Amino acid sequence: MAYRAPLDDIRLALDAAAGLSDLIADGTLQGVDADTADAVLEGAAKFAEEELAPIDAGGDTAGSKLVDGKVVTPPGWEAAYKAFAAAGWSSLSGTEDFGGQHLPHVLASSAIEIWCGASLAFGLCPLLTQGAVEAIRYAATPELKARYLPKMVAGEWTGTMNLTEPQAGTDLGALKTKAVPQPDGSYRIFGTKIFITYGDHEMTPNIIHLVLARLPDAPAGTKGISLFLVPKYLVNADGSLGARNDLKAARLEHKLGIHASPTCVMSFGEKDGAVGYLVGEIGRGLNHMFVMMNRARLDVGMQGVAVAERATQRAIAYAKERKQGRAAKTPAGAMAPIIEHPDVRRNLMTMRALTAASRAICLATARELDISERAADPARRASAGNRCALLTPIAKAFSTDAGVEVASIGVQVHGGMGFIEETGAAQHYRDARILPIYEGTNGIQAIDLVIRKLPLEGGRVVAAYLSELDATAMELSASNADGFARMGRQLAEANAALNQATQWLLTHLAANPDAALAGATPYLRLFGIAAGGAYLGRGALLAARGAAPGEAGDRQTALAKFFAETFAPQAGGLARTVMEGASAIPAADAVAFAT
Ligand SMILES: Cc1cc2nc3c(=O)[nH]c(=O)nc-3n(C[C@H](O)[C@H](O)[C@H](O)COP(=O)(O)OP(=O)(O)OC[C@H]3O[C@@H](n4cnc5c(N)ncnc54)[C@H](O)[C@@H]3O)c2cc1C
């Protein structure tokens with residue numbers, strides 16, 4: 001089934017949740033205007049629909065393979081990548097000094113949704129490259145930047161992130177890869193990294209690996225970790241490619257989904273050591289990586305939105321075609337398309353509502369990231385930085401959980417055919433499942449939200465955000481539009497539950513951290529529900545003012561009401577789980593965990 005980029009829904013979310021028109025009007029986006037924004041969205045949609053969506057299912061079936069030491073990507077992949085780079089899409093958010101277009105995150109994130117909606121496995125490659133570009137731009141020497149960044153920004157070379165090792169996943173402090181200093185100032189890297197996305201391929205003449213490693217005399221733990229740039233082919237002073245570096249993809253992982261994306265076990269230094277160059281300061285490798293963490297996590301949240309949107313489109317199309325049983329208005333002797341059954345429509349609305357809420361949360365986060373980087377006023381930048389830090393774990397975890405949930409409902413809507421690969425519903429479910437795991441598991445996002453983000457500025461950052469959610473509920477309550485007052489009341493109740501759970505966590509965090517941490521995941525869900533409901537409500541308010549594009553306004557209003565009816569009531573239960581649920585979690589050695 002063809003993919004259609006949901007441009008009107010994205011445009012509406014950009015205005016309702018990210019305030020794009022305001023950012024353009026007040027100059028924060030530094031010259032980007034509405035026409036540019038539209039051209040980016042339209043162009044990204046055309047490329048995704050025409051070039052990426054058609055190769056996605058074939059990529060899933062063929063997968064990437066390791067043949068005679070080389071990673072072979074599926075048919076059509078290399079041509080699509082080259083077309084992607086040639087069209088300038090790789091350089092969308094790179095800064096101008098290295099040939100990028102420096103477009104704001106609100107637009108780059110929307111483009112990521114569109115590309116990953118067409119093909120999640122394809123979209124990962126530029127996404128990882130962008131992460132590597134940001135880390136190099138932030139921390140590397142001018143010489144390294146000049147030698148590597150222009151080609152990476154242009155998409156002529158791709159980039160990878162080499163963090164994970166068999167014994168060091170969430171706990172990167174346990175990593176063992178060694179970096180041995182050389183007389184010429186370079187390093188030799190020895191070690192094995194696992195799960196490295198696009199760790200090797202033949203789509204570009206070079207691949208630039210960012211590798212976390214420790215010097216021989218480094219202290220244990222995270223303080224001993226440094227960051228290194230390790231090219232697949234060494235690069236001569238004139239920019240030409242030199243010798244092959246001592247690194248290779250030793251194996252490709254056989255995995256549940258995103259089959260076209262090669263997930264590599266990378267071996268560094270089987271001979272003399274892979275030549276690497278220090279990026280930033282010794283011992284500050286993790287800090288340098290974390291510079292681009294907000295953005296990387298937001299991008300993965302956007303992948304959750306993307307797969308949810310794709311699964312929803314497929315499920316709606318199927319539900320209109322598939323006929324089973326009789327619905328209320330079915331003529332005698334006929335069968336009804338399953339979309340006429342209320343339970344199926346509830347499923348489809350759940351899919352649409354979770355997708356729209358996640359998109360809004362992610363774009364609201366992108367807005368803060370843009371303001372934090374671009375606003376002229378330092379106080380406004382700092383405040384947006386804090387808001388972005390608060391929202392990022394929610395954008396990542398709520399949206400990727402939504403991606404899995406929506407893709408799972410998509411399988412359900414297809415019935416038995418959902419379990420059969422040919423409908424494509426199963427692929428979305430398989431593909432989506434990685435999203436809550438990589439770029440910091442969703443459990444870690446929830447912990448980050450509770451431990452680090454709630455206490456920001458003594459709780460004032462979260463308090464300011466919660467009062468904005470209340471203001472939206474009040475605006476809805478005051479509206480005369482049909483059903484808006486009810487929506488306002490429901491959202492106000494959800495906000496009250498979130499407020500209560502937030503106060504409880506802030507009070508108990510220090511004295512009883514285990515109880516607070518036990519509630520972190522339901523708390524993040526609660527936060528996402530309150531935030532998502534408010535953004536959808538804002539979209540409905542825009543639509544009521546006649547300021548929404550096409551049919552998107554009516555759709556948004558229906559979704560906002562559905563979300564307030566269906567999800568907002570869950571907030572009270574989640575708050576109770578946060579505040580009371582810890583006592584029901586047994587100790588690690590309890591009989592409940594006997595194996
Ligand atoms: C397809 C794929 C692509 C990937 N791409 C890359 C890549 O390009 N580069 C890269 O470096 N890595 C990559 N990864 C690795 C990924 O980031 C890790 O899998 C992830 O960080 C989790 O680490 P882990 O698998 O070791 O799980 P573990 O750390 O072993 O975690 C297992 C479980 O325990 C929980 N847990 C662990 N520690 C804690 C704690 N302190 N508190 C509470 N709960 C905890 C986790 O939430 C999780 O549920 C990829 C993985 C996959 C599968």
Side-chain angles (χ1 to χ4, degrees), residues 60 63-64 71 116 120-132 135 158-177 191-201 207-213 221-222 225 227-228 230 249 251-266 268 285-286 288-290 292-293 296-297 299-300 303 307 393 396-397 400-401 403-404 430-452 513-524 582 585 588 593:
D60 175 60
S64 280
V71 172
C116 290
L120 201 62
F122 181 94
L124 256 176
C125 185
L127 199 148
L128 264 293
T129 302
Q130 188 54 41
T158 62
T160 72
M161 304 300 239
N162 285 251
L163 287 67
T164 310
E165 297 179 11
Q167 76 295 344
T170 299
D171 186 359
L172 289 170
L175 69 80
K176 291 181 183 158
T177 295
T192 301
K193 296 285 179 180
I194 62 169
F195 301 158
I196 305 308
T197 299
Y198 281 93
D200 198 16
H201 58 77
I207 301 173
I208 310 306
H209 302 283
L210 282 186
V211 182
L212 288 180
T222 53
I225 298 175
L227 180 61
F228 298 89
V230 188
R251 206 177 72 220
L252 291 199
E253 301 293 3
H254 181 64
K255 56 194 193 294
L256 180 65
I258 51 167
H259 289 151
S261 162
T263 306
C264 305
V265 174
M266 295 299 298
F268 294 89
L286 266 191
H288 299 326
M289 277 285 198
F290 282 167
M292 51 91 200
M293 183 188 70
R297 292 184 168 173
D299 287 350
V300 174
Q303 290 190 305
V307 76
K396 195 274 174 176
T400 55
D401 282 344
V404 175
R430 290 186 287 98
D431 284 356
R433 196 59 192 86
I434 183 58
L435 304 177
I437 296 172
Y438 61 28
E439 203 49 54
T441 66
N442 283 3
I444 296 302
Q445 303 303 317
I447 291 169
D448 177 52
L449 173 63
V450 168
I451 292 190
R452 279 184 280 277
D514 266 12
L517 291 181
T521 290
Y523 177 75
L524 188 145
I585 298 179
F593 301 121

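Read the numbers this way: they start at 1 and go in the same order the structure lists the ligands and their atoms. Numbers here simply count residues along the sequence, with the first being 1. Quick caveat, the model's predicted, so the values are computed rather than measured.
At distances below 3.5 Å, at least one donor-acceptor pair connects side-chain atoms of D431 with backbone N or O atoms of I258. A donor-acceptor contact shorter than 3.5 Å links the side chain of K396 to the backbone of G440. Side chain of N162 to main chain of V211: no donor-acceptor pair is present (N/O by atom type, distance under 3.5 Å, no hydrogens or angles). Counting only distance, with no hydrogens or angles, the side chain of Q167 and the backbone of A174 share a donor-acceptor pair below 3.5 Å.
Side-chain contact between D60 and R430: present, with at least one pair of heavy atoms (C-beta onward) separated by less than 4.5 Å. Two residues are said to be in side-chain contact when any heavy atoms from C-beta on lie closer than 4.5 Å; Y523 and V450 meet this criterion. Looking at Q303 and L127, their side chains come closer than 4.5 Å, going by heavy atoms from C-beta outward. When side chains are defined from C-beta on, K193 counts as touching L212, because their heavy atoms get closer than 4.5 Å.
Here the rule is side-chain contact (heavy atoms from CB on, under 4.5 Å) with T158, and of I207, I208, L128 only I207 fits it. Of the residues R251, H254, K255, E253, the one that meets the side chain to side chain donor-acceptor pair (under 3.5 Å) test with T263 is K255.
Annotation: M161 places an N or O atom under 3.5 Å from an N or O atom of ligand 1; distance criterion only. For A168, no nitrogen or oxygen atom sits less than 3.5 Å from a nitrogen or oxygen atom of ligand 1, counting backbone and side chain alike. Looking at T263 next to ligand 1, no N or O pair under 3.5 Å apart turns up.
Considering each of L172, L256, L212, L163, the one bringing a non-hydrogen atom nearest atom 11 (O) of ligand 1 is L163. The nearest non-hydrogen atom to atom 20 (C) of ligand 1, considering only I437, I258, L127, comes from I437. Remark: among candidates L124, L210, T164, the nearest residue to atom 10 (C) of ligand 1 is T164, based on non-hydrogen atoms. Counting heavy atoms only, G169 comes closest to atom 26 (O) of ligand 1 of the residues A446, P166, G169.
Atom 8 (O) of ligand 1 has as its closest protein heavy atom T197 N, 3.0 Å. Considering only non-hydrogen protein atoms, atom 27 (O) of ligand 1 sits nearest to T170 OG1, 4.2 Å. In this structure, the protein non-hydrogen atom closest to atom 46 (C) of ligand 1 is T441 OG1, 3.6 Å. For atom 6 (C) of ligand 1, the closest heavy atom belonging to the protein is F195 O, 2.7 Å. The protein atom (non-hydrogen) at minimum distance from atom 40 (C) of ligand 1 is I444 CD1, 3.8 Å. If you check which protein heavy atom lies closest to atom 53 (C) of ligand 1, you get I434 CD1, 3.2 Å. With respect to atom 43 (C) of ligand 1, the closest heavy atom belonging to the protein is I447 CD1, 3.5 Å.
For atom 33 (C) of ligand 1, the protein comes within 4.0 Å by no heavy atom at all.
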